[in-house]
Amino acid sequence: MWIAENIAKLFSLKQITSVLDLGAGNGKRSLFSASYGAKVIAIDNQSMPLWQFPKYLKTHPSITFLQADIRDLNLNFNQSFDLILLFNVIVFLKKKFFLEQILPYYLEKLNKWGVLCLSFFFDDDPTMSINQKLSFYVFKDFKLPKGYIIQKQEEKTLQDNHIPDGEHEHHVWYIEIIKV
Ligand SMILES: C[S@@+](CC[C@H](N)C(=O)[O-])C[C@H]1O[C@@H](n2cnc3c(N)ncnc32)[C@H](O)[C@@H]1O
């Protein structure tokens, strides 16, 4: 809800017509963005059985789905974007590679005044501690290239209820980076 509210706020404040949804999962953020009239490119490597991009969204007139790895920095979009979404994906990437190469690569894909939003679970999130291969971040890890600023950073504890964990809480950190 909170992430959706943040996206909704951006759509109300800015003219957003192009969205890149990285690690799109089940496509709920892609569909939400398309509901505001944006054209969306959604990318996921489909590596998680519980987070498959649904077939019915692959034929959505405003959403283009690409099965690809967001670590592939040769992906060529032939366009730049007003909004880039990176929700709950970066814990699965090698931290140094993400901060030094992947993040700058996708920041370059923003239009002027475009926004990259990302969220990640903090290391005390109860659903995260069992998997030792995850990467954890804090706000001060995000040292940005010249020409970009953090316009918002917040953390919250949110209730959730889904398989396989049942009712549980997530400790979520959220950042908006803007190209100035
Ligand atoms: C926890 S889900 C989050 C999905 C969606 N962003 C959301 O917030 O609802 C993480 C997603 O990232 C995708 N993913 C993880 N590593 C990836 C990679 N290297 N390239 C593309 N997708 C990746 C997974 O397949 C999964 O769909």
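The structure displayed is predicted, hence computed values, not measured ones. Read the numbers this way: they start at 1 and go in the same order the structure lists the ligands and their atoms.
- If you check which protein heavy atom lies closest to atom 21 (C) of ligand 1, you get Asn45 N, 3.2 Å.
- Side chain of Asp82 to backbone of Ser18: a donor-acceptor contact under 3.5 angstrom is found.
- Note that Lys109 lies in the cation-pi zone of Tyr105, set by a 6.0 Å cut-off to the ring centre and a 45° limit from the axis.
- Contact detail for Val115 and Leu110: the closest heavy-atom pair is O-CD2, 3.5 Å.
- When each atom of ligand 1 is checked for a heavy atom of Ala24 under 4.0 Å away, the hits are 5 (C).
- Side chain of Tyr137 to main chain of Ile90: a donor-acceptor pair is present (N/O by atom type, distance under 3.5 Å, no hydrogens or angles).
- Annotation for ligand 1: atoms under 4.0 Å from non-hydrogen atoms of Gly25 are 4 (C), 27 (O).
- Between Ser119 and Ile3, the shortest heavy-atom contact is CB-CD1, 3.8 Å.
- Distance alone, capped at 3.5 Å, is enough to place a donor-acceptor pair between the Ser135 side chain and the Leu93 backbone.
- Distances below 4.0 Å separate heavy atoms of Ala68 from the following atoms of ligand 1: 20 (N), 21 (C).
- The heavy atom nearest to atom 11 (C) of ligand 1, out of those in Asp44, Asp69, Leu86, Ile43, is found in Asp44.
- Annotation for ligand 1: atoms under 4.0 Å from non-hydrogen atoms of Ser47 are 24 (C), 25 (O).
- Scanning the protein for heavy atoms near atom 2 (S) of ligand 1, the closest one is Trp51 CD2, 3.4 Å.
- With rounding to the nearest 0.5 Å, the separation of NZ in Lys94 from CD in Glu100 is 13.5 Å.
- Those atoms of ligand 1 with a heavy atom of Lys28 less than 4.0 angstrom away are 9 (O).
- Every atom of ligand 1 with a heavy atom of Val89 under 4.0 Å away is listed here by number and element: 12 (O).
- With hydrogens left out, the protein atom closest to atom 3 (C) of ligand 1 is Phe87 O, 3.6 Å, a heavy atom.
- Atom 5 (C) of ligand 1 has as its closest protein heavy atom Gly23 O, 3.3 Å.
- Cation-pi geometry between Arg71 and Phe97 is not satisfied (NZ or CZ under 6.0 Å from the ring centre, within 45° of the ring normal).
- Remark: minimum distance from atom 10 (C) of ligand 1 to any protein heavy atom is reached at Asn88 O, 3.4 Å.
- Each of the atoms 19 (N) of ligand 1 lies under 4.0 Å from some heavy atom of Leu93.
- Using modelled atom types, one side-chain atom of Lys95 and one backbone atom of Phe136 make a donor-acceptor pair closer than 3.5 Å.
- The nearest protein atom to atom 20 (N) of ligand 1, hydrogens excluded, is given as Ile70 N, 3.0 Å; this is a heavy-atom distance.
- To the nearest 0.5 Å, atom CD1 of residue Ile84 and atom OH of residue Tyr106 are 8.5 Å apart.
- Distances shorter than 4.0 angstrom do not occur between any heavy atom of Asp21 and any atom of ligand 1.
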